[in-house]
Amino acid sequence: MGVQGFQEYIEKHCPTAVVPVELQKLARGSLVGGGRQRPPQSPLRLLVDAENCLHRLYGGFYTDWVSGGQWNHMLGYLAALAKACFNGNIELLVCFNGAMEKGRLHEWVKRQVNERQTAQQIVSHIQNKGTPPPKVWFLPPVCMVHCIRLALLRFHIGVVQSIEDHHLEVISLCRENGFHGLVAYDSDYALCNIPYYFSAHALKLSRNGKSLTTSQYLMHEVAKQLDLNPNRFVIFASLLGNHILPDEDLAAFHWSLLGPEHPLASLKVRAHQLVLPPCDVVIKAVADYVRNMTDFSDLEAIANDIFRHSQSRTDDKVVRFKKAVEYYSAASKSQHFSPYQGKFTHLTFSLYRQSTVENHFKSVKQRYLNFSNENPDSPLLPSQANPTVTSPVAQGLEVIGHLNAQIPSLLSMPTRNHMDITTPPLPMVAPEVLRVAQHRHKKGLMYPYIYHILTKGEIKLSVTIEDEANQELPSAVQLFRPIRQHVYGVLFSLAEAKKKAERLAMRRNRLPEYSPVAVKEWAAYKGKSPHTPELVEALPFREWTCPNLKKLWLGKAVEDKNGRMRAFLACMRSDAPAMLNPACVPTHLLVLCCVLRFMLQWPGVRVLRGKELDAFLAQALSPKLYEPEQLQELKIDNLDPRGVQLAALFMSGVDMALLANDVCGQPIPWEHCCPWMYFDGKLLQSKLIRAIRDKAPLIDLCDGQVDQVNKVKKMRQSILEGLNFSPPPPPHPHAMPFYPPGGAFYPPPHMMPLQGRSRSMGMPRLPSMSSQGGKLEIAGTVVGQWAGIRRGRGRGGFPIQVVSVGGPNRGNGEKVWLHIRLANVLQVEKSCD
C-alpha cells in the first residue's frame, strides 16, 4: 500500500511509461530517451538492487525451489548471465541489503507474517496433492541470498552490501559513481528521480544466453500521466504513506480527498472497522491534491491541513510527515555524474569505500535513525510497558487471516505493532576488529549478520518452510540456536572475559561474577510471532578456551589457524578427529557433515533417521549433482512433506554453518562452503523417496557404485563418532536445575561429550558447576546435596561434584575457598564409547 503500490500503478495505468529494452543494444548505443553518452568502447555500467530481483538471479520461478534449492541450476544461470554481460559490454554491480533498518522493521514484520502464512499454504498443498506449489507462492529457499552472493563472487561480478539505510545507499552509489542506470523494483526509486530506471522483475536472459532484456520506466511519462511536476514527487511520496509516515496514519486524510459523494465512501467504515481506500484511487487523489498546492514549501501549513481530521497523536504525525519530506528530499537531490574513469574492476570497491554514502547522507540518515529510535512506532499497551527479560519474551499480537488486497482493514494490517525490548550493554569490541568487519561487510565478503551483532546486538531470521502442526521436527530457529549462542560467544570473546573474571575472583577470594551478553533475535516460528524479539544469551565453549576475536581474525601463526578450525567445529558440535580426516570427510563436504552431525544431536525427538542420513550423503556424492540439465528432467511422482521440511532444516543449518565459518575467521575457504558442492533439493527428494518409500538399500541409493557406498559409510561413521542416541532418563521429580551465577536467559544447550577434546587450554580455571549433581561440604561435613538434570550414560557414571567450604586444609577459617573436584577425563570419555 501507499508508496509501495506506486510501482504496480505505473505498470497498470501508465503503459506508455514502460518500454521494453534489450540491454545489449543499449550498450552499443544510447539509452531510451537520449541517454548520457559514454566514451567509445566503454561498457554500460548498471547497478542492481539484489533485494528486488533475487528470484531473477536465482533463475526464475521454476517449480523445484520448494525442494530446498537447486544451486547448480542457479550457478549455471548466473554463469550464462555473466557471459552475456561480458560479451555485450555490460558491467554489473550487485548491491545486497546488509542493513538492519530498524526504521523499516514494521515492514519486515508484515512480510514475515505473510510469508509464514504462505509457508503453511505450501505445506498443506504438498500434503494434499504431492505436487510443487504454484509460483505465486514462491518463498525464497533458505540461504538463497548468500548462495547468490557467493556465486557472483565466483564469476567476478561486483558485489557490495549496504550497511545502514539500503535505499539511500543504493541511490547514492548509483548517482555518485557514474552508473548509467539502476535495475530494481521499488517505488522509492521511482519517486526519487533516478535518471535511468530498469525493471528487476522483467529482467530475462534468453535460452541461448545471447539476449538480456528488461523494461525501462520513463518517469517523465509517469509525471505527464499524473499531470504532476516531478519536483513535487517529494511531497507526493510523503503523502502516499511510507515507512516513516504509514498509510494508516493518513487514512482520514485519504478519505477526505475522496469526499462523501465518492462511490467508495460507504466503505469507509465496514463492520465497525476503519479501512483504507484502494491504492490506485489514493494515488490519483493525492496527485490532484499536490498539483493544486499553492506553496509546497510550507510544510507546517500542509501538515495542519492534512491532519485536521486526526483524532490522536497529531503532533507525532506532523513530526513524521516532516521527517518523510526530509528523507525523500535528500534521496531525490540531483547529483553531478562523475565522468567514466578506467576499468570497472578498479572502481567497484574503491569508489564504494570512498563514496559519500558515508558523508553526503550522513546527517540526514543520522537524524532519521535517531528519530526512529526515539519515537516508538505505536504506544505500548499497559501490559507491554515493562517487558520482563524472559525466554521467550512475551509474544506480540498475532494477526491471523488473509489480507484483502483491494480494501484492507486497518485492524487486519500488522504493520506497526511490533514491540522492542532493552538488552544489557554489549561488551567493547577492538577498533581494528570493527574496521575489518565494516570493510568486509561493505565488500560483500562477510555475512551481514556479523556487523550488526557486533554493533547493535540484533539479528533478523527469516521464515522457512515448516509445518507448525508437526511435532516431530523442531523449528529451524530453535534447532540451530545453540550454534548462534556459541557464535555470539566467539564474537564477544566471552571465553577470555570469563577467564579474566575467574582470575580476578581468585585474587579477591570471592566467586567470579559474569556479565551476561544477550542478543536480540527477531524471528517467526512455531508458537512465536515476529512482533517481539527474544533475548538469547551468548555462551562460551565448555571444552576449551577459545582465542579472542582479534586473534581469530588477524592472527597469522599456525596455532591461530588451528584455533579457527577448532572454534568452527566447536560451534557445530563436531570437534571430533575424523571430521578433519580427508580420507573420511572430503574437505568440500565438511560443512555438509557438520550440519548433519549437529542435527542428529537434537535432544529428545530424532530429527534425522538412518535412511534419511544415507539419502543426504548419497546425493552429495552423486555425479548427477553436477548435471543440472539431467536434474531438470528428473520427475518426482509425489513430494514428501517431511522431505521438504528436512531440506529446509538442512539449508538453515548450512546458513548457520556459513555464519560460524565467517565468525571464526573462515577456516574453511569459501569455495568449499558453497552449497552447490554438496546439495541439490530435487536430487535429495528423489533419494529420500527411494530410501523411505521404496526401502532401497544403500547400493541402490548410490546407483550401484560400490566406491560411493564405501565413501558414504566412512562419512556416516565420522558423523556418528562419539554420539550416543539412548534416550535420556526422566528427571528426578524433586530435582531442580542448577545454573552457575549469571545464568542464561536460555538454559545452556544439551552438549554431548566429545572424544579427545576434554583437555583445557591455557591456565587452570574454575569450571562451571556440572549438571550431574553434587554435594556441599562445610568443614568436612555434608550439609546439602542436589540432583543433576541428567545422569551418566554408558558403562560408567559421572562422579558427582563436591563443593567444600572451609574444613581441614582450608587455613584458619578466616578465608573461604571454593574447591571443585572434577570428573575424571578418562571416565568421561569411556562413558561415551
Side-chain angles (χ1 to χ4, degrees), residues 143 474 476 479-490 495 539-547 552 561-603 606-608 610 612-614 616-617 620 649-670 672-675 677-679 711-725 748-759 761 828-829 832-833:
C143 202
L479 176 60
F480 298 107
R481 177 167 281 157
I483 295 179
R484 294 193 299 277
Q485 288 186 278
H486 288 302
V487 162
Y488 304 153
V490 173
L539 295 178
F541 300 124
R542 294 181 178 180
E543 298 82 12
W544 68 300
T545 302
C546 179
L552 283 177
K561 180 180 178 181
N562 296 334
R564 295 184 190 108
M565 180 59 76
R566 189 175 181 187
F568 170 76
L569 294 177
C571 285
M572 301 301 298
R573 296 184 184 174
S574 299
D575 196 2
M579 299 299 287
L580 293 180
N581 185 355
C584 300
V585 178
T587 305
H588 69 283
L589 300 180
L590 180 58
V591 171
L592 166 86
C593 293
C594 288
V595 172
L596 294 176
R597 179 180 171 92
F598 188 92
M599 292 172 67
L600 287 167
Q601 297 180 66
W602 176 254
R606 185 80 173 268
V607 175
L608 273 181
E612 295 166 343
L613 177 61
D614 289 344
F616 271 99
L617 298 177
L649 279 178
F650 172 78
M651 284 307 302
S652 296
V654 170
D655 192 30
M656 293 298 103
L658 300 187
L659 168 65
N661 187 58
D662 279 358
V663 166
C664 296
Q666 295 183 343
I668 306 175
W670 69 267
H672 294 158
C673 294
C674 303
M677 303 287 292
Y678 47 80
F679 182 77
K711 291 179 181 178
V712 168
K713 289 181 178 179
K714 287 182 179 180
M715 292 169 64
R716 182 209 297 154
Q717 183 179 359
S718 302
I719 291 171
L720 298 177
E721 179 185 4
L723 301 186
N724 192 334
F725 297 107
H750 295 276
M751 295 290 291
M752 292 193 175
L754 300 175
Q755 291 185 345
R757 300 296 180 182
S758 298
R759 300 185 305 273
M761 298 180 63
V828 173
E829 294 184 349
C832 298
D833 290 341

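When a residue number appears, it is its place in the shown sequence, counting from 1.
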Any chance you could lay out the side-chain contact (heavy atoms from CB on, under 4.5 Å) test for C593 and S718, step after step, and finish with the verdict?
-> CA-CA 8 Å; C593 293; S718 302; over 6 Å; no

d(I668 CD1, N661 CG) to nearest 0.5 Å is 5.0 Å

Would you please test L613 and R716 for side-chain contact (heavy atoms from CB on, under 4.5 Å) and show each step?
-> CA-CA 8 Å; L613 177 61; R716 182 209 297 154; 3.9 Å; yes

With a 4.5 Å limit on heavy-atom distance, are the side chains of Q717 and C584 in contact?
-> no

Is the backbone N or O of E721 less than 3.5 Å from a side-chain atom of R597, with the two atoms forming a donor-acceptor pair by type?
-> yes

Kindly determine whether S574 and L590 satisfy side-chain contact (heavy atoms from CB on, under 4.5 Å), including the steps that lead there.
-> CA-CA 10 Å; S574 299; L590 180 58; over 6 Å; no

What heavy-atom pair brings L658 and C673 nearest, and what distance separates the two atoms?
-> CD2-CB, 3.3 Å

Can any side-chain N or O of R564 pair as donor or acceptor with the backbone N or O of Q666 at less than 3.5 Å?
-> no

When rounded to the nearest 0.5 Å, the distance separating CG of L592 from CE of M677 is 11.5 Å

Would you call the rings of F679 and F650 parallel, tilted or perpendicular, where under 30° means parallel and over 60° means perpendicular?
-> tilted

Got a second to check how far L589's CG is from L617's CG, nearest 0.5 Å?
-> 8.5 Å

For the rings on Y678 and H588, is their centre-to-centre separation under 6.0 Å?
-> no

Report the distance from atom CD1 of I483 to atom SG of C594, rounding to the nearest 0.5 Å.
-> 9.0 Å

So CE of M656 and CE of M651: to nearest 0.5 Å the spacing works out to 11.0 Å

For the atom pair CG (L596) and CE (M572), what is the distance rounded to the nearest 0.5 Å?
-> 9.5 Å

Judged by atom type as modelled, is there a donor-acceptor pair below 3.5 Å linking the side chain of Q601 to the main-chain atoms of R573?
-> yes

